[in-house]
Amino acid sequence: LTDSGRQGLNYARRYGARGASVARVFPGTPAAEAGIAEGDVILAIQNIVVDSPARLTDLLRRAPRGVALRLTLVNPQGELLEKVLRIPQR
């Protein structure tokens with residue numbers, strides 16, 4: 001983990017959540033367009049708890065194409081945020 005990723009996880013644990021730490025966000029991707037950044041920790045998708053990276057992957061794979069998902073996350077500064085991730089049609 002990067003320093004910002006560690007810091008984000010520490011804040012997530014303070015909220016009593018495990019989450020999935022964001023290691024990298026590529027420009028032009030849905031994550032970048034949603035404003036998700038390195039070091040953020042995703043805690044929930046549509047109010048469904050994300051307790052591991054594997055759970056995050058599973059929830060994203062199951063999401064219907066073309067929908068907008070509400071993500072709850074904590075950033076490395078400890079701010080609890082909501083972002084909207086749009087799943088592409090393809």
Side-chain angles (χ1 to χ4, degrees):
L1 283 179
T2 62
D3 287 340
S4 61
R6 274 197 251 331
Q7 191 171 7
L9 278 174
N10 287 337
Y11 283 113
R13 287 188 183 116
R14 197 177 298 171
Y15 288 107
R18 293 179 68 185
S21 181
V22 177
R24 185 181 303 175
V25 177
F26 293 99
T29 62
E33 292 170 7
I36 298 168
E38 177 184 319
D40 289 348
V41 178
I42 299 171
L43 304 175
I45 297 178
Q46 299 291 106
N47 291 325
I48 299 170
V49 173
V50 173
D51 56 5
S52 69
R55 180 69 171 146
L56 174 64
T57 300
D58 181 55
L59 289 170
L60 291 174
R61 281 189 180 150
R62 292 173 183 243
R65 301 293 166 217
V67 301
L69 299 175
R70 186 171 27 93
L71 277 61
T72 305
L73 56 91
V74 62
N75 67 15
Q77 293 75 40
E79 299 170 302
L80 192 60
L81 304 170
E82 286 198 354
K83 306 273 180 157
V84 176
L85 177 71
R86 300 192 188 288
I87 304 296
Q89 285 287 347
R90 50 183 167 110

Please report the closest heavy-atom contact between Pro27 and Ala32, naming both atoms and the distance. CA-CB, 4.2 Å

Linked, directly or transitively: Val41 and Val84 (ILVMFWY side chains, under 4.5 Å): no

Distance col, row Leu60:CG vs Arg55:CZ, nearest 0.5 angstrom, shows 10.5 Å

Ignoring hydrogens, what is the shortest heavy-atom contact between Leu56 and Ala20? Give both atom names and the distance. CD2-CB, 3.8 Å

Where do Glu38 and Ala23 come nearest, in terms of heavy atoms and distance? CG-O, 3.3 Å

Checking Glu82 side chain against Leu71 main chain: does a donor-acceptor pair fall under 3.5 Å? no

So do Leu43 and Val50 actually touch side chain to side chain, heavy atoms under 4.5 Å? no

Identify whether the distance between the nearest side-chain nitrogen and carboxylate oxygen of Asp58 and Arg61 falls below 4.0 Å. no

Measure the CD-CG distance between Gln46 and Leu85 for me, rounded to the nearest 0.5 Å. 10.0 Å

Can you hop from Val67 to Ile42 via hydrophobic side chains spaced under 4.5 Å? yes

Would you give the length of the straight line joining atom CD1 of Ile45 to atom CZ of Arg62, rounded to the nearest 0.5 angstrom? 12.0 Å

Side chains of Ile36 and Thr29: does their closest heavy-atom pair fall under 4.5 Å? no

Say whether Val49 and Leu73 are linked into one hydrophobic cluster, either directly or through other cluster members, by side-chain heavy-atom distances under 4.5 angstrom. no

Value rounded to 0.5 Å, distance of CD in Gln77 from CG in Asp40: 8.5 Å

With a cut-off of 6.0 Å (strictly less than), are more than 12 heavy atoms of other residues, nucleotides or ligands near CZ of Arg86? no

Report whether Leu69 and Ile48 are members of the same hydrophobic cluster (ILVMFWY, side-chain heavy atoms less than 4.5 Å apart, transitive linking). yes

